[in-house]
J.: 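Right, I'll just put the structure down here and ask away after.
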Amino acid sequence: MNSTAFLTHRVKKKMDHLGETKGTYYITQGDANKAEDVPISEKQVVGKKVFAIPKVGGILNFVSENLLVSIIFLVSVFGFITIIRYYILNK
């Protein structure tokens, strides 16, 4: 099965063999999963998380689910900033 989807899972254990097969294998587990995943080969690993920005995923989910509310909010903030700049610069 060829898939272009990527999963981000936490590495629980690194192994130097799987049964009788030598190589580097990882046992991973998703944060929302109660059980560990089946072992994967190091060849299946595509990348490594370098850093994370907390809460950005929640904000993006809110924006995608409430697009109209998000647009109204952004226009309101932009309008507020514009009015404040107008009053400050014209004093």
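Bear in mind that the values here come from a model prediction, so they are computed numbers and not experimental data.
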J.: Taking side chain to side chain contact (heavy atoms under 4.5 Å, CB included) as the test, write out the residues that go with Phe73, two or more places apart.
T.: Val77
J.: Check for me, please, whether Val50 and Val56 land in the same ILVMFWY cluster - side-chain distances under 4.5 Å, paths through other members count.
T.: yes
J.: Any chance you could measure Ile71, atom CD1, to Leu68, atom CG, to the nearest 0.5 Å?
T.: 6.5 Å
J.: Please walk me through it: do Glu42 and Tyr26 pass side chain to side chain contact (heavy atoms under 4.5 Å, CB included)?
T.: CA-CA 7 Å; Glu42 71 178 333; Tyr26 299 100; 3.9 Å; yes
J.: Do Tyr25 and Ile27 sit in the same hydrophobic cluster, where Ile, Leu, Val, Met, Phe, Trp and Tyr count as joined when their side-chain heavy atoms come under 4.5 Å apart?
T.: yes
J.: Give a yes or no on whether the backbone of Ser41 and the side-chain of Gln44 come within a donor-acceptor separation of less than 3.5 Å.
T.: yes
J.: Side chain of Asn66, backbone of Phe62: donor and acceptor closer than 3.5 Å?
T.: yes
J.: Indicate if Val75 and Leu67 have the same hydrophobic cluster label, given that clusters are the connected sets of ILVMFWY residues with side-chain heavy-atom separations under 4.5 angstrom.
T.: yes
J.: State which residues pass side chain to side chain contact (heavy atoms under 4.5 Å, CB included) with Thr8; sequence neighbours excluded, sorted by chain then number.
T.: none
J.: Test side chain to side chain contact (heavy atoms under 4.5 Å, CB included) on Glu36 and Thr28 and set out the steps.
T.: CA-CA 6 Å; Glu36 295 177 341; Thr28 62; over 6 Å; no
J.: Go through it in stages, so that I can follow the logic: the residues are Gln29 and His9, the test is side chain to side chain contact (heavy atoms under 4.5 Å, CB included), and I'd like the CA-CA distance, side-chain angles, deciding distance and then a yes or no.
T.: CA-CA 5 Å; Gln29 182 174 346; His9 284 191; 5.8 Å; no
J.: Does a salt bridge link Lys22 with Asp16, judged by any charged N lying under 4.0 Å from a carboxylate O?
T.: no
J.: Below 4.5 Å, heavy atoms only, C-beta onward: do Thr24 and Met15 meet side chain to side chain?
T.: no
J.: Please find the pair of heavy atoms, one from Ser70 and one from Val63, that lie closest to each other, and give the distance.
T.: OG-CA, 3.4 Å
J.: From Ile83 CD1 over to Ile88 CD1, what is the distance, rounded to the nearest 0.5 angstrom?
T.: 12.0 Å
J.: Hydrophobic cluster membership, with links at side-chain heavy-atom distances under 4.5 Å among I/L/V/M/F/W/Y: are Phe51 and Leu60 in one?
T.: yes
